[in-house]
Amino acid sequence: MRQVALITGASRGIGRAIAEELAAEGWAVCINYLERREAAEEVACHIRAGGGEAMAVCADVADRAAVEAMVRAVEEDWGGVALLVNNAGISRQGLFQDLSDADWDRTLAVNLTGAKNTIQAVLPRMLHEKRGCIVNISSIWGLRGASCEVAYACSKAAVVGLTRSLALELAPSGIRVNAVAPGCIETDMVRMLGEETRSLLVEQTPLGRLGTPRDIAQAVAFLASQKASFLTGQVLTADGGFIV
Ligand code: NAP
């Protein structure tokens, strides 16, 4: 039977690696994206070329109606989503005193409300089937705070609250909810900080390197697997020792 995984923000970076890792483990993967249609289609093609099942699906996770439509379309084509990975996220840098209402609202809308929207869209089927798995992508900055990224850190701290609360609420229904908190990972999000900041982050990481998207994908695949069948409400920090 087809096992369907929906990964938000999977056109590039960590989301792409998660989609590829899950596809290699036999999941039929839905690659959600917002703007980069070609990139998302390329990920899907790459997975299909390797013998996997993949489709690219567009939706702004912050837009509840768009998310509902995306999930209904996936369910019609492939059946219910058994694994949801809330990975789509944005970050913006700047002093808190300069943070605009629009930037604050958009950061929370994508990083926190986006996860809420997708969970509410897939939940009816999961509840009906009394099984399911949700993995939310938080961040070490949500665990320890981040200067000049206050909105981002708040949104990622809230994702931890969402994870733990839903783990409690959904455990009786056989649905596990966990989070991965990545450290500094080599993606566009970190590249845009510039070479100097990148070198500083490498220096501050005890394992002496930035993480790869695959490092995070493997942590997600573990939480989604039967090997983690007794884990719920957990935040797995994958950061090369950054916040030990
Ligand atoms: P990235 O390279 O910037 O990619 C972001 C992905 O999210 C893209 O696929 C993008 O789609 C998608 N996206 C953005 N806004 C969206 C929206 N409103 N609706 C649907 N998709 C949307 O980011 P990344 O570094 O891979 O980060 C992935 C996740 O890990 C994020 O939640 C991030 O906060 C978290 N994280 C990253 C790091 C790090 O060091 N990189 C550390 C800790 C946590 P398009 O390409 O179509 O725009």
Side-chain angles (χ1 to χ4, degrees), residues 6-21 29-44 56-67 69-71 84-93 103 105-118 121 135-146 149 151-160 162-163 179-194 197-198 200-202 204-205 209-217 219-220 235-240 242-243:
L6 169 61
I7 305 104
T8 66
S11 55
R12 56 198 163 102
I14 293 170
R16 175 183 180 142
I18 294 170
E20 290 174 345
E21 189 72 23
V29 293
C30 305
I31 296 150
N32 160 258
Y33 65 96
L34 177 60
E35 286 169 358
R36 291 170 177 76
R37 180 167 180 271
E38 268 185 31
E41 293 290 358
E42 198 266 315
V43 179
V57 284
C58 180
D60 179 349
V61 293
D63 178 343
R64 171 115 193 226
V67 169
M70 169 179 70
V71 169
L84 168 66
V85 184
N86 280 310
N87 167 79
I90 54 170
S91 70
R92 288 169 191 175
Q93 282 71 44
D103 275 356
D105 289 348
R106 182 66 184 162
T107 303
L108 287 163
V110 175
N111 296 2
L112 176 62
T113 309
K116 188 273 297 174
N117 287 341
T118 50
V135 181
N136 297 319
I137 305 299
S138 177
S139 166
I140 52 166
W141 308 118
L143 301 179
R144 66 168 260 186
E149 279 191 306
Y152 180 75
C154 287
S155 71
K156 293 297 182 177
V159 165
V160 172
L162 179 74
T163 301
V180 174
C184 306
I185 311 301
E186 195 86 63
T187 69
D188 293 345
M189 197 176 267
V190 162
R191 279 190 281 271
M192 75 186 183
L193 300 174
T197 307
R198 187 190 171 282
L200 215 69
L201 293 172
V202 172
Q204 289 171 1
T205 303
R209 66 171 176 88
L210 296 189
T212 64
R214 184 142 194 256
D215 287 326
I216 305 308
V220 170
V235 181
L236 181 52
T237 304
D239 68 346
F242 198 99
I243 61 165

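Keep in mind the model is a prediction, meaning the values are calculated, not measured. Hydrogens, waters and symmetry mates play no part in the numbers below; they use all other heavy atoms, side chains included. Both ligands and their constituent atoms are indexed starting at 1 by order of listing.
Atom CG of Asn86 sits about 8.0 Å away from atom CG of Leu6, to the nearest 0.5 Å.
Asn136 places no side-chain N or O within donor-acceptor distance of the main-chain N or O of Asn87, the cut-off being under 3.5 Å. Between the side chain of Asp188 and the backbone N or O of Gly13 there is no donor-acceptor pair closer than 3.5 Å.
For the side-chain contact (heavy atoms from CB on, under 4.5 Å) with Val110, the lone residue among Thr8, Val61, Leu34 that qualifies is Val61. Checked against Glu42 for a salt bridge (Lys or Arg N to Asp or Glu O under 4.0 Å), the options Arg36, Arg16, Arg37 give a single hit: Arg16.
Every side chain to side chain contact (heavy atoms under 4.5 Å, CB included) that Asn117 has, sequence neighbours left out, goes to Arg64, Val67, Thr113.
Near ligand 1, residues Gly9, Ala10, Ser11, Arg12, Gly13, Ile14, Asn32, Tyr33, Leu34, Glu35, Arg36, Ala59, Asp60, Val61, Asn87, Ala88, Gly89, Ile90, Arg106, Val110, Ile137, Ser138, Ser139, Tyr152, Lys156, Pro182, Gly183, Cys184, Ile185, Thr187, Asp188, Met189, Val190 come within 4.0 angstrom through at least one heavy atom.
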